[in-house]
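What you are looking at is a predicted structure, and each value in this text was computed from that prediction instead of being measured. Naming convention: chains lettered A, B, ... in sequence-line order (proteins, then strands); numbering from 1 in each chain.
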Amino acid sequence: MKGFTAFFSKEVRELIRTKRLMILAAVFIVVGIMNPAIAKLTPKIIEMEAETFDSMGMTVGEVKVTAMDCWTQFIKNIPMALIVLLIMMSGAYTSEYAKGTLIPLLTKGLSRSAVVLSKFFVMLTVWSAGLWLCFGITYFYSGYYWDNSAVKELPFAAFGWWLFGVLMISCIVFFSSFAGSAGQVMLGTGAAYFAMTMIGMYKKAAEYLPSRLCDCASLYKGELEPSDYFKAAVITAAVSLVLVAAALPLTNRRQL
Amino acid sequence: MDAEIREYLPLIIPLIIVQFSLLGYTIVHILRHDTYKRGSRALWLIITLVGMNFWGPLLYFILGKEEE
């Protein structure tokens, strides 16, 4: 436990000193402001393009923006923030293995599990804080300009995305236990996502897949209830747990 | 027009503050360092300025900043 807290604070300090924390905070804040901004500007953009539409034979009526448009932007943009986070964190383990910076600590008695877990928890903390920061900013603006009550199940939809992000972070932890470089880790994580999309084409399986959690649009419109996401949420949480648990023995056996 | 701009101000002001502080910080960081993981000073300055709505600085910090 002592090793865990010590390494955890070392990781946090590293995030601050390598400026990664600052960049990620900026990304989440910008995305949070962008969501309502894009929704707010949509009628303006369409108005400017109205002449082009006219020449194409389409008439554009008055476009009314609601909180729904803002939250649709939220689920469109949050993957971007997640991808930035994953790319930044993909080298968290492998660069330490490659540079051999862990060896002095491990020979002094720090357990490898403490290293794996504390890095995992740092990523988890950053992702949680970032997502809810982004959610809070969008919620504030959306309430300021429109009416948030028009969109259903907002916190649950964000929770779904959060859980999906946790799964992706667990993928990084798992692939880092045997991959040689940050590139390989990203490749593995990307392949895991791709496999999920492929299985998702089989309609019966879609209900059980973690990618179901990203389908917030139906949740917003009230077509689906939070209970419809229960199976996918349980499976996502279980898979994340298994991935992190599997990373521990794999890292223990790893040649450093 | 005045009222219309005022309607957008709560969105635009924080966005400008965040993006420009990131841009300024990135440019200072590029100028203070002589070596980069990839690319040269001129390349990173151009990328940062072209993609100043945070893609440029982001790319620099992910791909260009040297690990210390």
Participant: Residue by residue, which of residues 118-145 of chain A have a heavy atom closer than 4.5 Å to a heavy atom belonging to chain B?
Facilitator: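 Residues Y141(A), Y144(A), Y145(A) are the ones that qualify, each having a heavy atom under 4.5 Å from chain B.
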
Participant: With a 6.0 Å cut-off (strictly less than), is the heavy-atom count around CZ of F20(B), excluding the residue itself, greater than 12?
Facilitator: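 For F20(B), atom CZ is not crowded (no more than 12 foreign heavy atoms under 6.0 Å).
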
Participant: So if I take each residue of residues 67-87 of chain A and look for any heavy atom under 4.5 Å from a heavy atom in chain B, which residues do I end up with?
Facilitator: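 Near chain B, by residue number: M80(A), V84(A), I87(A).
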
Participant: For the residue pair F61(B) and R20(A), establish whether any side-chain heavy-atom pair is separated by less than 4.5 Å.
Facilitator: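 With C-beta onward as the side chain, the pair stays apart.
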
Participant: Name the member of A37(A), S95(A), G91(A) that forms the most heavy-atom pairs with chain B at distances under 4.5 Å.
Facilitator: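 Highest number of heavy-atom pairs under 4.5 Å: A37(A).
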
Participant: Less than 4.5 Å to any heavy atom of chain A: does that hold for the side chain of Y8(B), its backbone, both, or neither?
Facilitator: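 Both parts, backbone and side chain.
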
Participant: Can you confirm whether P57(B) sits close enough to I23(A) that some side-chain heavy atom of one is under 4.5 Å from a side-chain heavy atom of the other?
Facilitator: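 SC-SC contact between P57(B) and I23(A) ruled out.
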
Participant: Output the distance between atom CD1 (I62(B)) and atom CE (M88(A)), rounded to the nearest 0.5 Å.
Facilitator: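 If we round to the nearest 0.5 Å, I62(B):CD1 and M88(A):CE are 4.5 Å apart.
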
Participant: Tell me which of these, P14(B), S21(B), P10(B), has more heavy-atom pairs under 4.5 Å with chain A than the rest.
Facilitator: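 Winner by heavy-atom pair count: P10(B).
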
Participant: Are there residues of residues 5-15 of chain A that reach to under 4.5 Å of chain B by heavy atoms, and which ones?
Facilitator: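 Against chain B, none of the residues of residues 5-15 of chain A fall inside the cut-off of heavy atoms under 4.5 Å.
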
Participant: Please classify the contact between L22(B) and chain A as side chain, backbone, both or neither, with a heavy-atom cut-off of under 4.5 Å.
Facilitator: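 It is the side chain, since no backbone atom gets that close.
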
Participant: Under 4.5 Å from any heavy atom of chain A, what part of E7(B) do you find: side chain, backbone, both or neither?
Facilitator: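 Both parts, backbone and side chain.
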
Participant: Using non-hydrogen atoms and a limit below 4.5 Å, what part of residues 24-31 of chain A faces chain B?
Facilitator: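 Near chain B, by residue number: A26(A), V27(A), I29(A), V30(A).
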
